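Written out below as structure tokens is the structure these notes cover.
Just so it is clear, the model here is predicted, and its values are computed rather than measured. Here is the naming used below: chain letters follow the sequence lines, and residue numbers restart at 1 for every chain.
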There are 2 protein chains.
Amino acid sequence: MTPSGDRPQVGPEGGAVRAGRVTITDVARAAGVSVATVSKVVNGRYGVAQTTASRVLEVVDQLGYESSLVARSLRRRRTNVIGVLVAEFEPFSTELLKAISKAVEGTGYELLAYSGGGDTSDRVGWERRSLSRLGGTLIDGAVIVTPTVQVPTDDGVPVVAIDPHTGPTGPATVDSDSLAGARMATEHLISLGHTRIGHLGGRRDLESARLRELGYRQAMSDAGLTVDPSLVLTGGYRPDLSDRPTHELLDRPDRPTAVFAANDLSALHVVEVAEELGLRVPEDLSVVGYDDIPEAAAARPPLTTVAQPLREMGAEALRMVISLIESDAPRTGQGHHTRLPTRLVERASTAPPPAS
Amino acid sequence: MTPSGDRPQVGPEGGAVRAGRVTITDVARAAGVSVATVSKVVNGRYGVAQTTASRVLEVVDQLGYESSLVARSLRRRRTNVIGVLVAEFEPFSTELLKAISKAVEGTGYELLAYSGGGDTSDRVGWERRSLSRLGGTLIDGAVIVTPTVQVPTDDGVPVVAIDPHTGPTGPATVDSDSLAGARMATEHLISLGHTRIGHLGGRRDLESARLRELGYRQAMSDAGLTVDPSLVLTGGYRPDLSDRPTHELLDRPDRPTAVFAANDLSALHVVEVAEELGLRVPEDLSVVGYDDIPEAAAARPPLTTVAQPLREMGAEALRMVISLIESDAPRTGQGHHTRLPTRLVERASTAPPPAS
DNA sequence: ATGAAAGCGCTAACAC
DNA sequence: GTGTTAGCGCTTTCAT
């Protein structure tokens, strides 16, 4: 058969004209060798003649062949891809993603971010699904952001959880010191003279949310202040879930003079609602958030908040998965835990309470 | 064989205890049926007895089985996953990602973001590689953010490019009106009284960068101002690449009184360098950026910039890929192009030039 | 109603 | 050096 026999047509720019992806079979046929040989050449294995190799490489180039990650990962053990699993791409997870992306440079790994929690139906347990769908094949390891349940450590790939479901137990985790952060936030409000302080809590299933509420309670109690139970509500870390509790907090004559929200997104929503109600921030109401996402500094007024070291947390989580991937030590149920410090960032959403 | 024979061990909480992922074979074995039957049940196909189905489902639940995206996508046509391909996760691409993530809710698709440009070696052409690696199998369609080359439209999955390599030609694209935006930015500086205005350009391979420079030149020329060629440099949309040209702009006695940078990231770097040099922004130097990422509003001073409608752009791009995926019309080389309007956001990084 | 078998694109043993 | 073969986990005819 003539070499040009049934080789896929090649356009003027060297791109394949035939529809669909170029597969290893196309390359093999065009180069007149077996797929196995193409595979060897592409993967730089030994045992291929110089001349064959260069001919194959030429065809690869001509056809624009690139091996399918999917097919390859099904067969191979390693893919050099690390998964970042999130419920949804919102400011917190994307800040982490930026940090991980920066840290991944030069490591030889690529990043694949997957949002599996889209459907409201599986707001809980999405990480298990995502992990099962991708793990063991597509990705060598995973960083899971704010999982709703404890991630299984024994089955599948190495996993590190950021802002985990549960505290220092189970899989490897990275988080920041929510207790201290929440105390700082609350103490800041107290030092400004507030005594009637509300708390808009986070996701009840997350350790971080529980610790932030605890920090708030401790600071109040340490200052000799009693907590009005009707002022402690749950906003689920989300603006939409925060709407009703925020109104509950502000639609009343004896409303608090300050609110500590468990994250920036819900704090920002408190500011919004306050303004709809004709309350000025910070003159009539002080608001403190948590996280220090860029949106917090960008808001009007700029939000006072507790900064989590998101860059470091992302970098650390990446370091940890990579080390888990590369050490072949059997994974025990008990992972390593890193907790990083937080700090208060005073901006313009807090001030002394109205004279009244 | 007894049903309990070689079924994988199940732990107290129903989680699989054996290492590795639970595969369809495990389920089949545990349920005492064939893999084909399990597949049918899992995919809700007809032709399975009620009792068999419920038994299988029970085992699925018990073992926590979830089908592998990889294996499934290799065999099937559709995966209901849309890829967002970026060179790197930085503020611009992640804003788009947030927008697309918001828009994807309720569509039945899931999002997979892949950063393939990690290695500096392939700063150019990463999108071709990523597309080849994922396309045709893992993802049903792709949104590519700022591709470095023209994306092939004929081979593989439907593609929409945001801020494309080339203007309205080739694949479907979404971008914003860079020409008008750049004119607004420059006119704003001129109206403040600036005459010596520098331009820190973007990535030369992108249409948007060329249009922003053109808009700058048009506004200058319309105002009867001449452009000093030594004041028009390229920053490549990146802080690191902007460092040298920024110093070239500012380390001189006859430095400009204002700089229009082609995106916020490089504008922010100009502000940084200016401050290192002891220049106050905006008193000694005015700076305008482009994009309006959250970091722009969060900066000190808050950055005057040209806002791109990133939310709309992301939503529109998603709408377009989905419609391409769902219409089985053969893809022509010529896609649809949407160009959205920009607007000037005046903040505190611009002011009249120093009296001198 | 169920299962056996082929095959998606690829890699890894093993044969020639 | 190179090709043949098996098989990764899954879906899909096609027999039974």
Side-chain angles (χ1 to χ4, degrees), chain A residues 8 16 20-56 60 63 65-81 132-140 155-157, chain B residues 8 16 20-56 60 63 65-81 132-140 155-157:
Chain A
R21 284 189 70 260
V22 179
T23 73
I24 197 173
T25 312
D26 299 327
V27 175
R29 189 154 34 212
V33 297
S34 73
V35 289
T37 301
V38 176
S39 175
K40 281 173 195 153
V41 172
V42 168
N43 293 291
R45 297 275 181 279
Y46 293 112
V48 179
Q50 242 335 298
T51 55
T52 315
S54 53
R55 181 157 39 97
V56 169
V60 163
L63 262 40
Y65 168 74
E66 195 73 49
S67 80
S68 157
L69 221 206
V70 170
R72 158 178 297 202
S73 74
L74 195 55
R75 197 64 182 78
R76 250 193 178 181
R77 193 137 214 132
R78 288 278 296 264
T79 59
N80 277 5
V81 175
S132 286
R133 288 170 67 98
L134 306 183
T137 34
L138 234 209
I139 58 180
D140 293 343
D155 99 15
V157 301
Chain B
R21 284 188 68 261
V22 178
T23 74
I24 198 173
T25 312
D26 298 328
V27 176
R29 188 155 32 213
V33 297
S34 74
V35 289
T37 302
V38 175
S39 176
K40 281 171 197 154
V41 171
V42 167
N43 294 292
R45 299 272 179 280
Y46 293 111
V48 179
Q50 238 341 296
T51 54
T52 314
S54 54
R55 181 154 41 97
V56 169
V60 163
L63 261 39
Y65 168 73
E66 195 71 49
S67 81
S68 158
L69 221 205
V70 170
R72 156 179 298 201
S73 74
L74 194 55
R75 196 66 180 76
R76 252 194 178 179
R77 194 140 212 132
R78 288 277 298 264
T79 58
N80 276 3
V81 175
S132 287
R133 288 168 66 95
L134 306 183
T137 31
L138 234 208
I139 58 181
D140 292 343
D155 98 14
V157 300

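Distance check, rounded to the nearest 0.5 Å: CG of A:Leu134 to CZ of B:Arg21 gives 9.0 Å.
In terms of modelled atom types and a separation under 3.5 Å, the side chain of B:Arg45 and the main chain of B:Ser39 share no donor-acceptor contact.
For the pair A:Asp140/A:Asn80, a side-chain contact is recorded, criterion being any heavy-atom separation below 4.5 Å from C-beta on. The side-chain heavy atoms of A:Leu63 and A:Val27, taken from C-beta on, include a pair separated by under 4.5 Å. Between B:Ile24 and B:Val42, the closest side-chain pair of non-hydrogen atoms is not below 4.5 Å.
Residue pairs meeting the side-chain hydrogen bond (donor to acceptor under 3.5 Å, both in side chains) criterion with at least one partner in residues 66-75 of chain A, sequence neighbours excluded, are A:Asn43-A:Arg72, A:Ser67-A:Arg72.
Residue B:Thr25 comes nearest to B:Val35 through the heavy atom pair CA-CG1, 3.9 Å, listed as atom of the first residue, atom of the second, then distance.
Taking five base pairs at each end of the helix from C:dA1-D:dT16 to C:dC16-D:dG1, the local helix axes there meet at an angle of 50°, rounded to 10°.
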Discussion item. For a side-chain contact (heavy atoms from CB on, under 4.5 Å) check, start with the C-alpha distance between A:Leu138 and B:Leu138, then their side-chain angles and the critical distance, and finish with the verdict.
Written reply: CA-CA 10 Å; A:Leu138 234 209; B:Leu138 234 208; 3.6 Å; yes
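For A:Thr37, the side-chain hydrogen bond (donor to acceptor under 3.5 Å, both in side chains) test picks out A:Ser34, with sequence neighbours left out.
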Name each donor-acceptor pair under 3.5 Å that joins a side chain in residues 46-54 of chain B to protein atoms two or more places apart or in another chain, with its distance.
| unit_1 | atom_1 | unit_2 | atom_2 | d |
| --- | --- | --- | --- | --- |
| B:Ser54 | OG | B:Gln50 | O | 3.2 |
| B:Ser54 | OG | B:Thr51 | O | 3.0 |

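If you check every strand for non-hydrogen atoms under 4.0 Å, B:Ser73 touches nothing.
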Worksheet entry | Contact pattern, 5' to 3', of nucleotides 9-16 of chain D - B, S or - by protein heavy atom under 4.0 Å | BBBB----
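Taking the 5' to 3' direction, DNA chain C first and last meets chain B under 4.0 angstrom from a heavy atom at C:dA1 to C:dG9.
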